[in-house]
Amino acid sequence: MNSATLLRSFSKRLISMMRVYHGEFSLSTPRRFGTMPFVEEKLSMRMSQLFSKTLREAPAGADNKGYEYLLRAGFIRQLGAGIFSLLPLGYSSVKNIEQIIREEMDAIGGQEILMPVVNPADIWKETGRFYSIDREMSRFQDRVGRDMVLAMTHEEVVTDIARFEIDSYKRMPQLVYQIQTKWRDDPRPRAGLIRVREFTMKDSYSFDTDQAGLDKQYAAHYLAYFKIFGRTGLSTIVVGADSGMMGGKISHEYMYLSPIGEDTIITCDACSYTANRQVAAFRKEYFAEEMKELEKVHTPECPTIEALAEYLKISTKLTAKAVFMVGTFIDDTNGEEEQRLVVGVIRGDLEIEENKLQNAAKANALRSAHSEEILAAGIVPGYGSVIGIRQDKILVIADDSVAKSNNLVAGANEEGYHYLNSNFARDWNGTVADIASAQSGYACSECGGTLKSSKGVEVGNIFQLGTRYSESMDCYYQDENGIQKPVIMGSYGIGVGRLLACLAEEYHDELGLNLPITVAPYQVHLVSLVKDAEIAEKIYRTLIDAGITVLYDDRKESAGVKFADADLIGLPIRITLGNRSLKEGKVEVKVRSNPDEQLSFDLATLVDKMRVLIKRLENQITDSMHLEEWKPEK
RNA sequence: CGGGGCGUAGCCUAGUGGCUAUGGCGCCUGCUUUGGGAGCAGGAUAUCGAAGGUUCGAGUCCUUUCGCCCCGACCA
């Protein structure tokens, strides 16, 4: 496997260069190896020999077009929920993507490695993630009963390696990366390749002696990711993100904006502010005024904020609502679990962002509380607040909207009653944090502009891990003064299959796929409609020898079938061999992305024309590439 | 994990307790055809997801179970 990976990394560019300069690389006569038909060129293929077939109808369950076409064109096949095989066409595209990734990772000093998918659980116990990650991580025992896990990421393994390899400041900075399978037992795989359980990820890990070094590596990735996505033809935006289970502080996600995405992205229409809704901030108004006396009032049939505001004829902005959750708190060192009621209090006109609440509560997991659990704390659902409630067993998180506003209406923990003029600090207490969910139309926290929300797919992320892993796993180095210090780490991921899925979603029309030339499995689809196979074979040969990758439709099929399959697979350039034009020494050429463009090339100059066309299509991708840089905040 | 839906040939699908399980695509054979999923003739392929039950009789009803999909919870 290793050698195959290595072989692959001798890019096709290199091979084609060799072919151009050394005539002996071209094979003029077909050969046979054993009983298998000889495939004359790995980077080209005959349709008659292609392993996969195309499907006329979409298999049930293909609910988005990109996924449907990947299935119908024979790029991928599903094995189980969230588990897919890559067939030759799909794998070829994936290899093209991986090659781009390798080139850009190498360019920022990355060294490729390969780490095991099966890990002894010990290292995961060291960081505590063996305990803090729920069933998303699959575990098993080996034959002698040792705990093992299937790696869902590789911080533990890479830190284990680094604590051996890196012992001195002289051995840093370092950057390693791998392109490796990950297994995450997602409770709900969906949307084809977008959200799967087994997937290929490029993950890289940086090691530095100080924050400045980490910033440098982070900035390098920040830009390299734009180059990677740009070269595949996928336009992404970068958003501020939550570091979630990774630990660490600064992180960004690369988002492909699309309605099929599951992440909600908040962007400002006036400035460059973008963030995942999980962490997005916005400008709140506060209603500070002189505190008035707490007063209990009868509010029959007002279990909701809307009903309450209606009944009291006040704005929801003058109410405080409490949201009851149950948090799971796991001790990282031994896995002991504790459940506590978490009460999020927010002004009635705002919504709670659960991710923010979970972070503020420092909980490992959060779920809605059942009414019995709420009642057990002495709180009456529908008329609940934490006023007059013992707070030793519950965790109260107050959004700053309630903490900085006065005289709000809050529940009195009695059916049909509320308090007027409740005030934070005077009547109740809690940890103050921003736990409000940013919504479309709210004011930008940076510039006051209007926020907008859109859907996106996360195709990459970058994290500043800091010393979260080096400290817990004892990955220390000696500095210039002989002092032991924890290595400062970063981790950076790209979902390879998800990237292909996004490209399929972005690049298709009603006939099929239309992947960018940098990613398409082959550059040219050679469709032969002539009886005389000899001339077609010769052209196929010529193209291969020129280093152009070709899918050659040599099947005994009707023209309609061949065209339909060519459209479905959607290679960037289609060369059609027809009797009429061939008689004049010409072939017809169509560009998949531009159906109106009908070209006719002389056979004699075909190769040159192809090279120009390929170059043009490649340039189209790189010319529209959008790059951004990142600088650490002062 | 909660709610819903679906499992019938490689794919899509008909079937509403009653005879030998429907049709299309695909597949195989022969002939014909070769510029947009062609035509004619013939053919193969289904333990109706699995197990149990009700019934004279079950693809169809009931129970259990497995799998897949959708919504939600969940999600680096």
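Since this is a predicted model, take the numbers as computed values, not measurements. Numbers restart at 1 for each chain; the letters A, B, ... are given by sequence-line order, proteins then strands.
Between B:A51 and B:U60, the two P atoms lie 12 Å apart (nearest whole Å). If you take atom P in B:U54 and the same atom in B:U63, they sit 15 Å apart, rounded to whole Å. Across the C1' atoms, B:C61 and B:G15 are found 15 Å apart, a figure rounded to whole Å. When the P atom is used for both B:C12 and B:G39, the distance is 23 Å, rounded to whole Å. Nucleotides B:A44 and B:G36 are separated by 30 Å at their C1' atoms, to the nearest Å. Taking atom C1' on both nucleotides, B:C11 is separated from B:A50 by 23 Å, rounded to a whole Å.
Residues passing the salt bridge (Lys or Arg N to Asp or Glu O under 4.0 Å) test with A:E471: none are found, sequence neighbours excluded. The side-chain hydrogen bond (donor to acceptor under 3.5 Å, both in side chains) check on A:K586 picks up A:D602, with sequence neighbours excluded. Scanning for salt bridge (Lys or Arg N to Asp or Glu O under 4.0 Å) contacts around A:E126 gives A:R163, with sequence neighbours left out. In this view, A:A564 satisfies the side-chain contact (heavy atoms from CB on, under 4.5 Å) rule with no residue, not counting sequence neighbours. Here A:R592 pairs with A:D509 under the salt bridge (Lys or Arg N to Asp or Glu O under 4.0 Å) rule; sequence neighbours left out. The salt bridge (Lys or Arg N to Asp or Glu O under 4.0 Å) check on A:D185 picks up A:R197, with sequence neighbours excluded. Remark: A:R190 pairs with A:E262 by the side-chain hydrogen bond (donor to acceptor under 3.5 Å, both in side chains) rule, at least two apart or across chains. The side-chain hydrogen bond (donor to acceptor under 3.5 Å, both in side chains) search around A:N514 returns none, not counting sequence neighbours.
A:R188 has no side-chain polar atom (N or O) that falls below the 4.0 Å cut-off from OP1 or OP2 of B:C75.
Distance from the side chain of A:A60 is smallest to B:U13 among B:C11, B:U13, B:C75.
Counting any heavy atom pair closer than 4.0 Å across all strands shown, A:E354 reaches sugar-phosphate atoms only and no base atom. A:A62 comes within 4.0 angstrom of no nucleic acid atom, judged by non-hydrogen atoms across all strands. Counting non-hydrogen atoms under 4.0 angstrom, A:P187 reaches a base of the nucleic acid.
Near RNA chain B, meaning a heavy atom under 4.0 Å away, the residues from residues 78-88 of chain A are A:Q78, A:G80, A:A81.
Counting distance only, with no hydrogens placed and no angle test, the side-chain atoms of A:R195 and the base atoms of B:C74 include a donor-acceptor pair under 3.5 Å.
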Show me the donor-acceptor pairs within less than 3.5 Å that the side chains of residues 218-226 of chain A make with the rest of the protein, sequence neighbours left out.
unit_1 : atom_1 : unit_2 : atom_2 : d
A:Y218 : OH     : A:H252 : N      : 3.2
A:Y218 : OH     : A:H252 : ND1    : 2.7
A:Y218 : OH     : A:I462 : O      : 3.4
A:H221 : ND1    : A:Q217 : O      : 2.9
A:H221 : NE2    : A:S204 : OG     : 2.9
A:Y225 : OH     : A:K202 : NZ     : 2.8
A:Y225 : OH     : A:Y492 : O      : 3.4
A:Y225 : OH     : A:G493 : N      : 3.0
A:Y225 : OH     : A:G493 : O      : 3.2

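Using bins of under 30°, 30° to 60° and over 60° for the plane-to-plane angle, the ring pair A:F229/A:Y254 lands in the tilted bin.
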Using nucleotides 22-24 of chain B, report all nitrogen or oxygen pairs with the protein that are shorter than 3.5 Å.
unit_1 : atom_1 : unit_2 : atom_2 : d
B:G24  : N2     : A:E57  : OE1    : 3.1

For every nucleotide of nucleotides 33-40 of chain B, 5' to 3': is a protein heavy atom under 4.0 Å from its base (B), only from its sugar-phosphate (S), or from neither (-)? -BBBBS--
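In the model, A:D215 has a side-chain atom that pairs as donor or acceptor with a side-chain atom of A:Q211 under 3.5 Å.
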